[in-house]
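Every number for a ligand or one of its atoms is a count from 1 in the order of the listing.
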Amino acid sequence: MIQLHDKKALRARLRAERDLFATEASAAVTPPDAFVERLRRGMVVTSYLPLGSEADPAMLAAAAAEHGCALALPHVADKATPMRFLAWHPGDALAPGPFGLRQPTGDEEVTPDVILTPLVGFDARLNRLGQGAAHYDRVFARYPDAWRVGVAWSVQEVPAIPTEMWDVPLQAVITEKGMLCHKES
Ligand SMILES: Nc1nc2c(c(=O)[nH]1)N(C=O)[C@@H](CNc1ccc(C(=O)N[C@@H](CCC(=O)O)C(=O)O)cc1)CN2
Ligand SMILES: Nc1ncnc2c1ncn2[C@@H]1O[C@H](COP(=O)(O)OP(=O)(O)OP(=O)(O)O)[C@@H](O)[C@H]1O
């Protein structure tokens, strides 16, 4: 049985390590060939705008846009309401949301083909630790056919993330060092 405090303590430790890495390193997440090869014209790719020291997926989103993909960003109302993905074009207006987020102002909900996913921690089996609100866990359950790609700094990898019944693993993780991918996906 996984104790709630295990995840809480791991989250706190990993956020601190991520903050340190972001202040000391001048790393960037660039699009690996294996990511670009999966992009097709007309796909919907959801990105996110980094909070604090999160890895920035901007160059992955730019590669997707160059390959004719449509972009979207997450929109949350609060911790309890399910997250939605709203269409967004680079340069479109953003509005302040909860948790210091900047969010799209439109109301065009889209179905994702590729979900670029922020995370607090991951392991080699591509289990993911998030903010603890289960926003992405619920999205993964709702869109099982979307390609689930985590975006992170390499220092966010740990030997094992405690998993629970509802956790849906990622299929790839892209860091400043490249892409980890599950062979079958
Ligand atoms: N950049 C980004 N956008 C995102 C997420 C995310 O993790 N990162 N989300 C993922 O679900 C959704 C927003 N949900 C969130 C849920 C909880 C917290 C939260 O508890 N934040 C902490 C501080 C986090 C930190 O220091 O890194 C807080 O406010 O105390 C943030 C976002 C959608 N957009
Ligand atoms: N698919 C789901 N539907 C409804 N509730 C869920 C679902 N998945 C998880 N939860 C609830 O959300 C809580 C937080 O889950 P968890 O700690 O795994 O979040 P997380 O994966 O770290 O966060 P996130 O996905 O937002 O980044 C759990 O205690 C669980 O009760």
Side-chain angles (χ1 to χ4, degrees), residues 1-23 28-29 44-62 71-88 90 92 94-107 109-110 112 114-123 125-153 155-158 160-175:
M1 175 72 195
I2 291 144
Q3 301 296 310
L4 199 58
H5 65 255
D6 293 347
K7 277 193 165 186
K8 252 184 116 174
L10 189 57
R11 239 179 229 118
R13 198 191 93 200
L14 284 166
R15 280 180 179 146
E17 278 177 28
R18 194 178 66 187
D19 289 349
L20 193 67
F21 179 85
T23 50
V29 177
V44 173
V45 176
T46 72
S47 190
Y48 62 87
L49 300 173
L51 283 174
S53 59
E54 284 179 337
D56 189 349
M59 285 193 256
L60 307 179
L71 299 181
L73 289 174
H75 183 279
V76 296
D78 53 50
K79 214 164 175 167
T81 312
M83 180 170 85
R84 298 182 302 149
F85 289 115
L86 301 181
W88 182 78
D92 279 1
L94 293 164
F99 313 113
L101 292 164
R102 289 167 298 148
Q103 310 199 107
T105 54
D107 206 25
E109 190 170 356
V110 295
V114 180
I115 303 176
L116 297 177
T117 309
L119 56 84
V120 176
F122 69 98
D123 65 20
R125 300 173 72 175
L126 305 188
N127 293 310
R128 164 180 175 275
L129 181 70
Q131 306 277 21
H135 281 134
Y136 278 92
D137 286 327
R138 284 181 282 175
V139 153
F140 293 163
R142 182 172 171 203
Y143 302 113
D145 297 332
W147 190 33
R148 302 182 295 276
V149 181
V151 184
W153 302 122
V155 294
Q156 291 172 257
E157 181 171 354
V158 294
I161 296 282
T163 59
E164 291 163 282
M165 237 173 59
W166 55 78
D167 283 322
V168 183
L170 297 163
Q171 290 157 314
V173 172
I174 303 177
T175 73

Atoms in ligand 2 with a heavy atom of [X] nearer than 4.0 Å:
{"X": "Lys7", "value": "16 (P), 17 (O), 18 (O)"}
{"X": "Gln131", "value": "22 (O), 23 (O), 24 (P), 27 (O)"}
{"X": "Ala133", "value": "23 (O), 26 (O)"}
{"X": "Asp167", "value": "18 (O)"}
{"X": "His135", "value": "24 (P), 25 (O), 26 (O)"}

Do [X] and [Y] come within less than 4.5 Å of each other through their side chains, counting heavy atoms only?
{"X": "Asp92", "Y": "Thr105", "answer": "no"}
{"X": "Phe85", "Y": "Val44", "answer": "no"}
{"X": "Leu10", "Y": "Lys7", "answer": "no"}
{"X": "Pro90", "Y": "Leu71", "answer": "yes"}
{"X": "Pro98", "Y": "Gln103", "answer": "yes"}
{"X": "Arg138", "Y": "Met83", "answer": "no"}

Top protein contact for [atom], by heavy-atom distance:
{"atom": "atom 7 (O) of ligand 1", "answer": "Gln131 NE2, 3.0 Å"}
{"atom": "atom 33 (C) of ligand 1", "answer": "Met83 SD, 3.6 Å"}
{"atom": "atom 22 (C) of ligand 1", "answer": "Arg15 NH2, 4.2 Å"}
{"atom": "atom 14 (N) of ligand 1", "answer": "His135 ND1, 3.2 Å"}
{"atom": "atom 6 (C) of ligand 1", "answer": "Pro118 CG, 3.4 Å"}
{"atom": "atom 3 (N) of ligand 1", "answer": "Leu101 CD2, 3.4 Å"}
{"atom": "atom 16 (C) of ligand 1", "answer": "Phe99 CE1, 3.5 Å"}
{"atom": "atom 8 (N) of ligand 1", "answer": "Glu54 OE2, 2.9 Å"}

Indicate whether the side chain of Arg128 and that of Gln156 have a donor and an acceptor atom separated by less than 3.5 Å. no
Distance, nearest 0.5 Å, that separates [atom1] of [X] from [atom2] of [Y]:
{"X": "Met59", "Y": "Ile174", "atom1": "CE", "atom2": "CD1", "answer": "11.5 Å"}
{"X": "Leu119", "Y": "Asn127", "atom1": "CG", "atom2": "CG", "answer": "11.5 Å"}
{"X": "Phe140", "Y": "Leu170", "atom1": "CZ", "atom2": "CG", "answer": "5.5 Å"}

Can you tell me if Arg18 has a non-hydrogen atom under 4.0 Å from ligand 1?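 True for this residue.
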Hey, can you tell me if Phe99 and His135 have their rings parallel, tilted or perpendicular (30° and 60° cut-offs)? perpendicular
Which one of [options] has a non-hydrogen atom at the shortest distance from [atom]?
{"atom": "atom 25 (O) of ligand 2", "options": "Arg138, Arg128, Glu164, Arg142", "value": "Arg128"}
{"atom": "atom 21 (O) of ligand 2", "options": "Asp137, Val120, Asn127", "value": "Asp137"}
{"atom": "atom 9 (N) of ligand 1", "options": "Tyr136, Tyr48, Phe85", "value": "Tyr136"}
{"atom": "atom 26 (O) of ligand 2", "options": "Gly130, Pro118, Ala134, Ala80", "value": "Ala134"}

Pick one of side chain, backbone, both or neither for how Tyr136 approaches ligand 2, counting any non-hydrogen atom pair under 4.0 Å. both
Would you say atom 30 (O) of ligand 1 has a protein heavy atom nearer than 4.0 Å?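 No; the ligand atom in question lacks any protein heavy-atom contact below 4.0 Å.
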Counting both backbone and side chain atoms, is some N or O of Leu49 under 3.5 Å from an N or O of ligand 1?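 Right, the criterion is met.
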Other residues, nucleotides, ligands: >12 heavy atoms within 6.0 Å of Arg125 CZ: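 No - once you tally the heavy atoms of other residues, nucleotides and ligands closer than 6.0 Å, there are 12 at most.
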Residue from Leu86, Leu101, Leu49 passing side chain to side chain contact (heavy atoms under 4.5 Å, CB included) with Leu73: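 Going through the options one by one, the only one that passes is Leu49.
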